[in-house]
Amino acid sequence: MRLGVVIPCFNEEEVLTETKNRLERLLGEMIEEKEVSEDSFICFVDDGSRDKTWELIEEFAKESKIFRGIKLSRNFGHQNALIAGLMQLKDEADALISMDADLQDDILVVKEFVKKYKEGYDIVYGVREDRSRDTKFKRWTAELFYKFQAFMGIESISNHADYRLLSRRALDALAKFKEVNLFIRGVVPLIGFKSCSVYYSRGERFAGESKYPLKKMLFFALDGIASFSIVPLRIITVIGFFIFLFSLMVIIWIFFEKYIFGSTIQGWSSIMVSIYLMGGIQLMSLGIIGEYIGRIFQQSKNRPRYIIDKEIK
Ligand code: UDP
Ligand code: MG
């Protein structure tokens, strides 16, 4: 079985050498044990790094033939970098494993992935059993996100990030998803085929800092919801409907107050409050609708998800 490992890297000079050393040892071992074939490889995808990441990748590739590299023309973002690697290499391996560069995901799980592949699974998810070493904030927001996704009716695997194995035919299926704002972990369950999960505990970043600042994380979460569910649009409709019903009742009430009981109300504050309330709801609704229109806009332009600058085989 020919295995490929794909690792997107963005400004990862601090960790890359250690990652390379550990993976070299692991893959060497697996080749020796005849778990995977000798032409298995590890490919680093440089996502437009501004530090020495690419120079390091070039060095690795010179040192050993198991290392390969793809350099994107600029920073396309984690998901696009990953898709670039997977699509570029899918015809050269029986299965590809994707992982982060920062050694947060236990690399020994790779052996487990391969075992499951040999048992006939096309998709093997790496699931974090224990997030105690993530920051509290990250854990809390992640949990909230999974709950919200479930509420929106999106099928997803909790605590699974982009650490997984995909067989060649699963990759061929993934290639058919031409979405621009690709949220890979949301699309993979839509592929189908036989799948299973492998559990591990997630560590801390080996070195360097997270390449997902809050802003990137929030937009990423938005992609994960708006690309898979139209429930937010429905919620707007439902809210609008109830407000409409409520206003009908208010109209009837006002009618009775004025013409039957003959009292007029000094209603300045209630008017102001309802103006602000309605204004807020309308702006929010427009924003949500705008999100979807924006997605249609991006999709209709059909721009490439990534552009490759250089490739080392
Ligand atoms: N990454 C990338 N492009 C980006 C941001 C991140 O390729 O624009 C890579 C990064 O190098 C790492 C992986 O995506 O290999 C996950 O990033 P990170 O570990 O910083 O995220 P966190 O674990 O903090 O969520
Ligand atoms: Mg990380």
Side-chain angles (χ1 to χ4, degrees), residues 4-20 22-23 42-57 60 67-89 96-107 109-110 126-128 130-146 156-164 180-186 200-224 305-310:
V5 180
V6 179
I7 306 172
C9 314
F10 177 55
N11 295 342
E12 297 284 12
E13 60 179 12
E14 290 128 311
V15 286
L16 218 52
T17 308
E18 181 66 22
T19 305
K20 171 227 152 207
R22 292 201 200 173
L23 283 174
I42 294 161
C43 180
F44 296 99
V45 181
D46 176 20
D47 184 18
S49 297
R50 285 178 279 268
D51 62 2
K52 290 207 163 51
T53 299
W54 180 248
E55 282 75 13
L56 285 174
I57 296 170
F60 301 161
F67 292 111
R68 305 169 57 154
I70 294 173
K71 180 178 164 60
L72 300 187
S73 62
R74 63 170 170 85
N75 180 244
F76 280 86
H78 177 202
Q79 298 290 294
N80 291 318
L82 188 52
I83 262 301
L86 294 177
M87 293 302 113
Q88 208 61 20
L89 300 166
L96 292 178
I97 291 175
S98 51
M99 67 165 82
D100 290 351
D102 59 5
L103 296 170
Q104 275 190 291
D105 303 306
D106 180 2
I107 63 166
V109 175
V110 166
V127 176
R128 302 163 191 172
D130 165 24
R131 291 183 75 121
S132 57
R133 268 178 288 178
D134 267 347
T135 63
K136 222 177 189 167
F137 179 72
K138 194 134 198 162
R139 242 182 317 161
W140 184 77
T141 46
E143 206 164 294
L144 195 75
F145 175 70
Y146 292 127
S156 76
I157 308 230
S158 284
N159 290 317
H160 160 66
D162 287 305
Y163 191 25
R164 75 175 78 79
V180 174
N181 295 303
L182 194 66
F183 186 76
I184 301 175
R185 69 190 78 159
Y200 66 97
S201 76
R202 182 164 155 100
E204 271 160 48
R205 210 173 214 291
F206 174 73
E209 54 193 39
S210 174
K211 306 300 180 287
Y212 266 101
L214 184 62
K215 194 173 127 203
K216 252 192 205 174
M217 214 167 88
L218 284 179
F219 282 115
F220 187 49
L222 198 59
D223 266 341
R305 293 185 285 196
Y306 57 85
I307 295 166
I308 291 174
D309 178 2
K310 289 177 203 158

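Note that ligands are numbered from 1 as they come in the structure, with each ligand's atoms numbered from 1 the same way.
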Item to check | Residue Q104, metal the Mg ion (ligand 2), N/O/S under 2.8 Å | outcome: yes
Next on the checklist: To check your reading of the model: name the closest protein heavy atom to atom 24 (O) of ligand 1, its residue, and the distance in Å.
Outcome noted: S210 OG, 2.5 Å
Next on the checklist: Quick test: of every protein heavy atom, which one is nearest to atom 17 (O) of ligand 1, and how far off is it to 0.1 Å?
Outcome noted: Y212 CD1, 3.7 Å
Item to check | atom 19 (O) of ligand 1 [closest protein heavy-atom partner, distance rounded to 0.1 Å] | outcome: D102 OD2, 2.5 Å
Checklist entry - Which value, rounded to the nearest 0.5 Å, describes the distance between F76 atom CZ and F10 atom CZ? => result 12.5 Å
Item to check | Those atoms of ligand 1 less than 4.0 Å from some heavy atom in C9 | outcome: 7 (O), 11 (O)
Next on the checklist: Under a 4.0 angstrom heavy-atom cut-off, which atoms of ligand 1 come close to E12?
Outcome noted: 10 (C), 11 (O), 12 (C), 15 (O)
Next on the checklist: Testing the basics here: between G77 and D47, what is the closest heavy-atom pair and its distance to 0.1 Å?
Outcome noted: N-OD2, 3.0 Å
Checklist entry - Among protein heavy atoms, which lies nearest atom 8 (O) of ligand 1, and at what distance? => result K216 NZ, 3.0 Å
Checklist entry - Does ligand 1 have any atom that is closer than 4.0 Å to a heavy atom of M99? => result no
Checklist outcome for this item: the protein heavy atom lying closest to atom 3 (N) of ligand 1 turns out to be D47 OD2, 2.6 Å
Next on the checklist: Counting C-beta onward and ignoring hydrogens, is there a side-chain heavy-atom pair between Y146 and N159 closer than 4.5 Å?
Outcome noted: yes
Item to check | Inter-residue atom distance L56.CG - S49.OG, 0.5 Å rounding | outcome: 9.5 Å
Next on the checklist: Nearest 0.5 angstrom please: F60 CZ to I42 CD1, how far?
Outcome noted: 10.5 Å
Next on the checklist: So which atom in R50 and which in N11 form the shortest heavy-atom distance, rounded to 0.1 Å?
Outcome noted: N-OD1, 2.6 Å
Checklist entry - Quick check: does D102 have an N/O/S atom under 2.8 Å of the Mg ion (ligand 2)? => result yes
Item to check | Closest approach of any protein heavy atom to atom 18 (P) of ligand 1, naming residue and atom | outcome: R205 NH2, 3.5 Å
Checklist entry - Closest non-hydrogen protein atom to atom 20 (O) of ligand 1, residue and atom name please, with distance? => result K211 N, 2.4 Å
Checklist entry - Which of the atoms of ligand 1 are close to P8, meaning less than 4.0 Å from one of its heavy atoms? => result 7 (O), 9 (C), 10 (C), 11 (O), 12 (C), 15 (O)
Checklist entry - Looking at K138, which atoms of ligand 1 are within less than 4.0 Å of one of its heavy atoms? => result 22 (P), 24 (O), 25 (O)
Next on the checklist: Suppose we measure from atom 23 (O) of ligand 1 to each protein heavy atom; which comes out shortest, and what is that distance?
Outcome noted: Q104 OE1, 2.7 Å
Checklist entry - Under 6.0 Å from the six-membered ring centre of F137 and within 45° of its axis: does the NZ or CZ of R139 meet both? => result no
Next on the checklist: To check you understand the geometry: which heavy-atom pair defines the closest contact between V127 and H160, and what is its length?
Outcome noted: CG2-CB, 4.2 Å
Checklist outcome for this item: Distance col, row H78:NE2 vs L182:CG, nearest 0.5 angstrom, shows 11.5 Å
Checklist entry - Between F220 and F183, how do the two ring planes meet: parallel, tilted or perpendicular, split at 30° and 60°? => result tilted
Checklist entry - Any idea which atoms of ligand 1 are less than 4.0 Å away from a heavy-atom of N75? => result 3 (N), 4 (C), 8 (O)
